[in-house]
There are 2 protein chains.
Amino acid sequence: MNFQQLRSIREASRCGFNLTEVANILYTSQPGVSRQIREVEEELGVEIFERNGKRLTGLTEPGKGILQIIERLLVEAENLQRASDDYADHTKGTLTIATTHTQARYVLPRVVQAFRHAFPEVRIALQQSSPEHIADLVLSGKADIGIATEGLSQYKDLASFACYEWSHVLVVPEGHPLLACVANNELVTLKDLATWPLITYDVGFTGRGHIDDAFKVGGEQADIVLTAMDADVIAQYVALGMGVGIVASMAVDSLRAHGLHTIAASHLFSPNVTRLAVRRGTYLRSFVIDFIQQFSPSLSHQEINREVTAASGK
Amino acid sequence: MNFQQLRSIREASRCGFNLTEVANILYTSQPGVSRQIREVEEELGVEIFERNGKRLTGLTEPGKGILQIIERLLVEAENLQRASDDYADHTKGTLTIATTHTQARYVLPRVVQAFRHAFPEVRIALQQSSPEHIADLVLSGKADIGIATEGLSQYKDLASFACYEWSHVLVVPEGHPLLACVANNELVTLKDLATWPLITYDVGFTGRGHIDDAFKVGGEQADIVLTAMDADVIAQYVALGMGVGIVASMAVDSLRAHGLHTIAASHLFSPNVTRLAVRRGTYLRSFVIDFIQQFSPSLSHQEINREVTAASGK
DNA sequence: TATCCTTACGGAATTCGTAAGCATG
DNA sequence: CATGCTTACGAATTCCGTAAGGATA
């Protein structure tokens, strides 16, 4: 048994059981992959994959258990590399952060700058994508850290930490009627809001769930005329007068700089919690731990390690 | 990097850094081992072993961290084999139990018999040894299960379960003066006991610690004239009139069958708890779980797995 | 000087890719 | 009939053990 064989199996399950694709990813030939897999199956005396004729179609019941062990084993193999790099020089390396636009644009700059100062030789890769994809990137080891407000807490193989709480704010252009409320020291109601076309985040992004929930619970119909991934884009259309924007509070400074007005909305929508996640069982290089602590100073080294080395539950 | 290289490193640390010995254990040549180790060190770019000239003398600081990861990795490799065997046929295999004489002789027979009935095709290996060695056997993967009253709870890489409680009893030959107490419904005191030569377990065995503690706390001097590993041997010398025996309550039936008399002593010595231990992170084959439940029926499948897959803690 | 590790070398075994063959949707 | 897996074969590489060399307690 060797590592390449195990990698072939892991990749096969990741690639939807297409061995040709596996071969490309692992930079080898397809017959090679085919052989690697059969060799392991023979050595272990277990059929890992379901086959339909010659094609692989899924995992067998034993295969699922075996795959779990293989994944843990390969994580340790990666840990070996990570730990070694860390020991060799813990001021060098690459920190890969998978996150959403909102974090990358409004929250991380301050943290990244401080981190950069502490570890000038560490390269930083920001991978922007959707919350589900962020989880995937962390689970597959392609990113060290995932940061998002949605979808990081439901994976048993991710250790996630609550980092900070934020709420939504409304954005309107100069002279918008809603600003009258503010002038009178009145709070905007959901009913008020429902009379305007709205512009906010895509489903699954940046607390969008809480916005939909609020309208559902309040029995109002939201007229969401446009959605986008980030506050900058939303603000652009708000400025054009296309509607009232609902964005994350982290963006207010930038919005005001663009001449837009913001109106408190924390009484309308539930607060959101941004979480940071790492894969359980992963060796955290010193600078990764440092970054986590920069981002969420209340976390202790021990607390982080305890959570990350904890079993995946179940 | 391959498994043989990692095994060489693990074994080197286990063999006190004697590569010749490692070569023998791994059935290979000494230059081979030497090379395997250097190859890993080169590939990872980390010196794992301290060297004094050409000889290996210990682990470097990074080496300690690296070794931990290697050990977890190799445990997963063994798990792969174990899980496969289990899936292939979970009624076959070998269950290796490291335990003390007391357990093997007085407690396990009932359990082993029941287990044998449930899994007639599983071979059972009972490895009798001292409590410390039992822990070693389990930690190194040479035994699936360790059972003992002492020394299993202090290893962070062992998950141990309290199974049952027992106390010590006194053993005397027919007509011994201490039997007068019993006849008068009196409890034997530590002071009474201190007037007799005593025969009991070796230090470190079968609750011996609690016996010594009791005398220390009670301010009495125990005159332990002979020690042995097991109740049978102790009983033999008691029968010869060499002294009063103090043995585990599990042995009473056998002692009476030999014509000796037993006297309650649970008021004199703290009760003892027999524990069962398995290495954390180890895949437990179905029959191993079954055996554990036979031995300690109050444990649930989930409880066992939770404890075994839990992280080793700091 | 005996033990223990390293270096050097050559044969053996393994590994892997290419090319051809075959099944399936 | 195109996609995808298997088989077959040969070349290249890797692996590993033996033998000799050198350092240290």
Side-chain angles (χ1 to χ4, degrees), chain A residues 1-60 62-63 66-67 70 73-74 77 80-81, chain B residues 1-60 62-63 66-67 70 73-74 77 80-81:
Chain A
M1 197 164 60
N2 61 52
F3 288 99
Q4 188 68 359
Q5 292 171 337
L6 301 181
R7 263 181 236 116
S8 300
I9 290 176
R10 176 175 69 176
E11 218 53 53
S13 83
R14 286 187 182 172
C15 293
F17 315 104
N18 181 330
L19 302 195
T20 309
E21 196 180 334
V22 173
N24 290 331
I25 291 179
L26 298 182
Y27 304 106
T28 180
S29 68
Q30 183 275 317
V33 172
S34 186
R35 184 170 39 222
Q36 309 282 19
I37 291 175
R38 265 180 306 103
E39 280 171 357
V40 176
E41 291 187 320
E42 277 169 33
E43 183 174 344
L44 296 181
V46 173
E47 292 258 297
I48 296 172
F49 294 100
E50 297 271 9
R51 286 172 173 78
N52 202 337
K54 287 187 171 183
R55 308 204 177 182
L56 307 204
T57 57
L59 287 163
T60 61
I66 299 283
L67 181 65
I70 290 178
L73 192 156
L74 291 175
L80 218 41
Q81 193 59 59
Chain B
M1 198 165 59
N2 62 51
F3 288 100
Q4 188 68 356
Q5 292 170 336
L6 300 181
R7 263 182 236 116
S8 300
I9 290 175
R10 176 175 69 178
E11 217 54 52
S13 83
R14 286 187 183 171
C15 292
F17 314 103
N18 182 329
L19 302 195
T20 311
E21 196 180 335
V22 173
N24 291 331
I25 290 179
L26 298 182
Y27 304 107
T28 181
S29 68
Q30 183 275 319
V33 172
S34 187
R35 184 170 39 221
Q36 310 282 20
I37 291 176
R38 264 180 307 104
E39 279 170 358
V40 175
E41 291 187 320
E42 277 169 34
E43 183 174 343
L44 295 181
V46 174
E47 291 258 297
I48 296 172
F49 294 101
E50 297 271 10
R51 288 172 171 76
N52 202 336
K54 288 189 170 182
R55 309 205 176 181
L56 306 203
T57 57
L59 288 163
T60 61
I66 298 283
L67 180 65
I70 290 178
L73 192 155
L74 291 175
L80 219 41
Q81 193 59 57

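By convention in this document, chain letters (A, B, ...) are assigned in the order of the sequence lines, proteins followed by strands, and residues within each chain are numbered from 1. Quick caveat: nothing in here was measured; it's all calculated off a predicted structure.
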Residue pairs meeting ring pair (Phe, Tyr, Trp, His ring centres under 6.0 Å), one or both in residues 20-46 of chain B, sequence neighbours left out, come to none
For residues 33-59 of chain A, the ring pair (Phe, Tyr, Trp, His ring centres under 6.0 Å) pairs (sequence neighbours left out) are Phe17(A)-Phe49(A)
Here the distance between atom C1' of dT14(C) and atom CD of Glu43(A), to the nearest Å, is 14 Å
Partner residues of [X] under the side chain to side chain contact (heavy atoms under 4.5 Å, CB included) criterion, sequence neighbours left out:
X: Pro62(A); result: Val46(A), Thr60(A), Tyr87(B)
X: Gln30(B); result: Leu19(B), Thr20(B), Ala23(B), Ser34(B)
X: Glu39(B); result: Gln5(B), Arg35(B), Gln36(B)
X: Ser29(B); result: Pro31(B)

Please output the side-chain donor-acceptor pairs of residues 7-16 of chain B that fall under 3.5 Å, not counting sequence neighbours, one pair per line with the distance.
from: Arg7(B); atom 1: NH1; to: Gln4(B); atom 2: OE1; distance (Å): 2.7
from: Ser8(B); atom 1: OG; to: Gln4(B); atom 2: O; distance (Å): 2.9
from: Arg10(B); atom 1: NH1; to: Glu78(B); atom 2: OE2; distance (Å): 3.1
from: Arg10(B); atom 1: NH2; to: Glu78(B); atom 2: OE2; distance (Å): 3.4
from: Ser13(B); atom 1: OG; to: Arg10(B); atom 2: O; distance (Å): 3.0

Are any of Arg38(B)'s side-chain N or O atoms less than 4.0 Å away from OP1 or OP2 of dT7(C)?
yes
Taking any heavy-atom pair under 4.0 Å as a contact, classify Glu39(B): base, sugar-phosphate, or nothing. nothing
What one should report as the nearest heavy-atom pair of Leu73(A) and Leu6(A) is CD2-CD1, 3.8 Å
Notebook entry, point to check: Which residues pass the side-chain hydrogen bond (donor to acceptor under 3.5 Å, both in side chains) test with Glu43(A), sequence neighbours left out?
Noted result: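 With sequence neighbours excluded, Glu43(A) shows a side-chain hydrogen bond (donor to acceptor under 3.5 Å, both in side chains) to no residue whatsoever.
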Those residues at least two apart in sequence (or on a different chain) that pass side-chain hydrogen bond (donor to acceptor under 3.5 Å, both in side chains) with Glu41(B) are Arg51(B)
So, with a heavy-atom separation below 4.0 Å from DNA chain C, the residues of residues 15-33 of chain B are Phe17(B), Asn18(B), Leu19(B), Thr20(B), Gln30(B), Pro31(B)
Within residues 1-11 of chain A, those residues having any heavy atom closer than 4.0 Å to DNA chain D are none
Using atom names, set out every protein N or O paired with an N or O of nucleotides 22-25 of chain C below 3.5 Å, distance rounded to 0.1 Å.
from: dT24(C); atom 1: O2; to: Arg55(A); atom 2: NH2; distance (Å): 3.2

